[in-house]
Trainee: 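The structure is given below, and queries will be raised subsequently.
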2 protein chains.
Amino acid sequence: MPRPHKWQLRFQGHVSRWTGPREAILGLLSKTSKHMSAKEIYSSLYKKHPNLGLTTVYRTLDLLTRMSLIHKITLGNGQRRFEFKKGEKTDHHHHHLICTGCDKIFDYKEFEEEELILIKKTEESLTRKFNFKIMDHNIEFYGLCDKCNLNIYKNKPKEIR
Amino acid sequence: MPRPHKWQLRFQGHVSRWTGPREAILGLLSKTSKHMSAKEIYSSLYKKHPNLGLTTVYRTLDLLTRMSLIHKITLGNGQRRFEFKKGEKTDHHHHHLICTGCDKIFDYKEFEEEELILIKKTEESLTRKFNFKIMDHNIEFYGLCDKCNLNIYKNKPKEIR
DNA sequence: TTCTTTATTGATAACGGTTATCATTATCAA
DNA sequence: TTGATAATGATAACCGTTATCAATAAAGAA
Ligand SMILES: [Mn+2]
Ligand SMILES: [Mn+2]
Ligand SMILES: [Zn+2]
Ligand SMILES: [Zn+2]
């Protein structure tokens, strides 16, 4: 029996029910700034919800994504992660800085104005050129974070041969 | 016994051998502008190379990627595709326009100058802010291509219930 | 509150793309 | 031509995700 919650209403109007697993998963994501995978979410919740199934995590993440309460991102290596979407009032749109050493993800929002202008121009041009209806875009930078960059100079574990 | 070829030299210096499968796969990718998946490559080559194994396709694609002869891209849905990289002389760098209806990919290279400037600025700023060493970036637009956009208004196959 | 309906759950099996294993084959320098 | 060994292909294993289905629980009705 999940307790009443500010999100409950959004579910009622959606032909869906406000359940324990949904409360747990949405609660977790709303409290972290991490970009978590399904399995990470499953593991994090194990102590408090030892009988939650991984299948339910996938299903719930899918539902929450369709409801636009969370955002799904696919990394360059194919991994899928999820992040909570802050309310419509605060502009949640941002891009990612991804460390190829440790897969850590950093949010950034630089040069919003200039970027927006360029995006708009590009969109218009591409629409004309290809007769393409653009719905969304994705921008990401890859590299090495502070920590991983240092580790380059440290000894790597010996290779067994 | 694969025949001599302009790429052969690159292999010899690489502690690797110039083989039939490698000639076939590199040949195919160099002749198409498509962004192909491993299985698509495997199927395309089946007629001429009926005993080529899918495993070899994966291994070869990995090698060619490490040799920077081809480029691997991961779509938003996790699919992996490969495209031939034109020589270093012609600037191969470009971005993608991806149709979420049919997964078709369009290359584009718009506003190179402006984009480059913005990218540079963003990179510098992010490097300062996060002490991050940026190595690469990825920009892609999602939407519906000409054809898929039209199909929205056509009848969808009846759902069985 | 209790009842009824049915959406949701979790265990399990299945799936699809990719990788590991290993005996066989083919490349290429000597 | 030959020998060392890199490369191949059949097969099994792997891993993230999805399908199936009987059991459970949310929420409106009584
Ligand atoms: Mn983010
Ligand atoms: Mn391309
Ligand atoms: Zn890192
Ligand atoms: Zn399309």
Side-chain angles (χ1 to χ4, degrees), chain A residues 1-5 7-26 35-43 45-46 48-67 72-82 103 160-161, chain B residues 1-5 7-26 35-43 45-46 48-67 72-82 103 160-161:
Chain A
M1 62 206 82
R3 22 182 119 211
H5 197 283
W7 289 305
Q8 186 165 5
L9 295 174
R10 309 262 314 241
F11 282 79
Q12 286 174 338
H14 213 268
V15 204
S16 46
R17 293 171 181 177
W18 180 242
T19 70
R22 288 170 186 183
E23 180 180 349
I25 294 168
L26 195 45
H35 302 72
M36 303 183 78
S37 71
K39 204 166 20 167
E40 282 169 354
I41 292 168
Y42 174 73
S43 309
L45 292 173
Y46 186 75
K48 295 255 178 195
H49 303 267
N51 38 14
L52 168 64
L54 181 55
T55 309
T56 301
V57 174
Y58 278 107
R59 272 188 301 232
T60 303
L61 289 172
D62 188 53
L63 173 66
L64 297 178
T65 302
R66 285 187 333 259
M67 292 177 73
K72 183 206 297 205
I73 57 188
T74 302
L75 272 58
N77 56 14
Q79 281 181 56
R80 263 158 226 180
R81 307 283 191 84
F82 298 84
D103 285 345
I160 294 158
R161 50 177 78 227
Chain B
M1 62 207 82
R3 27 192 132 162
H5 198 281
W7 290 303
Q8 186 165 4
L9 296 173
R10 308 262 313 242
F11 282 80
Q12 286 173 338
H14 212 267
V15 204
S16 47
R17 295 170 179 176
W18 181 243
T19 69
R22 289 171 184 183
E23 179 179 349
I25 293 168
L26 195 45
H35 303 72
M36 303 182 79
S37 71
K39 203 163 25 163
E40 281 169 355
I41 292 168
Y42 174 72
S43 310
L45 292 173
Y46 186 76
K48 295 256 176 192
H49 303 266
N51 37 14
L52 168 63
L54 181 54
T55 308
T56 300
V57 174
Y58 278 107
R59 273 188 300 232
T60 303
L61 289 172
D62 188 53
L63 173 65
L64 297 178
T65 302
R66 283 186 336 256
M67 293 178 72
K72 183 207 293 207
I73 57 188
T74 302
L75 273 56
N77 56 14
Q79 279 181 59
R80 264 157 225 182
R81 307 282 192 85
F82 299 83
D103 285 345
I160 293 157
R161 50 178 77 228

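Below, read A as the first sequence line, B as the second, and so on, with proteins coming before strands; counting in each chain starts at 1. Being a predicted model, the structure only gives us computed values, none of them experimental.
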Trainee: Quick one: salt bridge (Lys or Arg N to Asp or Glu O under 4.0 Å) partners of Asp103(B), sequence neighbours excluded?
Mentor: none

Trainee: Which pairs, protein N/O on one side and nucleotides 27-30 of chain D N/O on the other, fall under 3.5 Å?
Mentor:
residue: dA27(D); atom: OP1; partner: Trp18(A); partner atom: N; Å: 2.7

Trainee: For Arg81(B), enumerate each residue passing the side chain to side chain donor-acceptor pair (under 3.5 Å) test, keeping only those at least two apart in sequence or located in another chain.
Mentor: Gln79(B)

Trainee: In whole angstrom, give the distance that lies between atom CD of Glu40(A) and atom C1' of dC15(D).
Mentor: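 My rounded result for the distance is 15 Å.
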
Trainee: Measure across His5(B) and Trp18(B) and return the closest heavy-atom pair with its distance rounded to 0.1 Å.
Mentor: CB-CZ2, 3.5 Å

Trainee: May I ask you to verify if any side-chain N or O of Arg22(B) is less than 4.0 angstrom from the OP1 or OP2 atom of dA7(D)?
Mentor: yes

Trainee: Could you tell me the separation between the CG atom of Asn77(A) and the C1' atom of dC15(D), rounded to a whole number of Å?
Mentor: 14 Å

Trainee: Among residues at least two apart in sequence or on other chains, which ones pass side chain to side chain donor-acceptor pair (under 3.5 Å) with Asn77(A)?
Mentor: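 So Asn77(A) forms no side chain to side chain donor-acceptor pair (under 3.5 Å) with any residue.
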
Trainee: Angle between the end axes of the helix from dT1(C)-dA30(D) to dA30(C)-dT1(D), five pairs per end, to the nearest 10 degrees?
Mentor: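 Computed angle between terminal axes is 30°.
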
Trainee: Atom CZ in Arg80(B), atom OG1 in Thr74(B): separation rounded to 0.5 Å?
Mentor: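 With rounding to 0.5 Å, CZ (Arg80(B)) is 5.0 Å from OG1 (Thr74(B)).
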
Trainee: Whole-Å distance between dT17(D) C1' and Tyr42(A) OH?
Mentor: 15 Å

Trainee: Sequence neighbours excluded, which residues qualify as side chain to side chain donor-acceptor pair (under 3.5 Å) partners of Glu40(B)?
Mentor: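 Partners of Glu40(B) by the side chain to side chain donor-acceptor pair (under 3.5 Å) criterion come out as none, since no residue qualifies.
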
Trainee: Nearest heavy-atom pair of Gln8(A) and Arg3(A): which atoms, and what distance?
Mentor: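 Closest approach of Gln8(A) to Arg3(A), heavy atoms only: OE1-O, 4.4 Å.
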
Trainee: Using whole Å, report how far CG of Asp62(B) lies from C1' of dT8(D).
Mentor: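 Answer to the nearest Å: 15 Å.
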
Trainee: What is the distance from CZ of Arg3(A) to P of dA25(D), rounded to the nearest Å?
Mentor: 17 Å

Trainee: Can you confirm whether Phe11(B) sits close enough to Thr19(B) that some side-chain heavy atom of one is under 4.5 Å from a side-chain heavy atom of the other?
Mentor: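 A side-chain contact under 4.5 Å is absent here.
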
Trainee: What is the separation between atom CZ on Phe11(B) and atom P on dT27(C), rounded to the nearest whole Å?
Mentor: 14 Å

Trainee: For a quick check, with a 4.0 angstrom heavy-atom cut-off, what is the B/S/- contact string for nucleotides 13-18 of chain C, read 5' to 3'?
Mentor: ----SB

Trainee: Looking at every non-hydrogen atom in both residues, tell me the closest pair between Tyr42(B) and Leu54(B) and how far apart they are.
Mentor: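 The answer is CE1-N, 3.5 Å.
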
Trainee: Taking side chain to side chain contact (heavy atoms under 4.5 Å, CB included) as the test, write out the residues that go with Thr65(B), two or more places apart.
Mentor: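 Result, side chain to side chain contact (heavy atoms under 4.5 Å, CB included) vs Thr65(B): Ile70(B), Lys72(B), Phe82(B).
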
Trainee: Got a sec, which residues hit side chain to side chain contact (heavy atoms under 4.5 Å, CB included) with Thr60(A), two or more places apart in sequence or on another chain?
Mentor: Arg22(A), Ile25(A), Thr56(A), Leu64(A)

Trainee: Rounded to whole Å, please give me the gap between NE2 in His49(B) and P in dA26(C).
Mentor: 15 Å

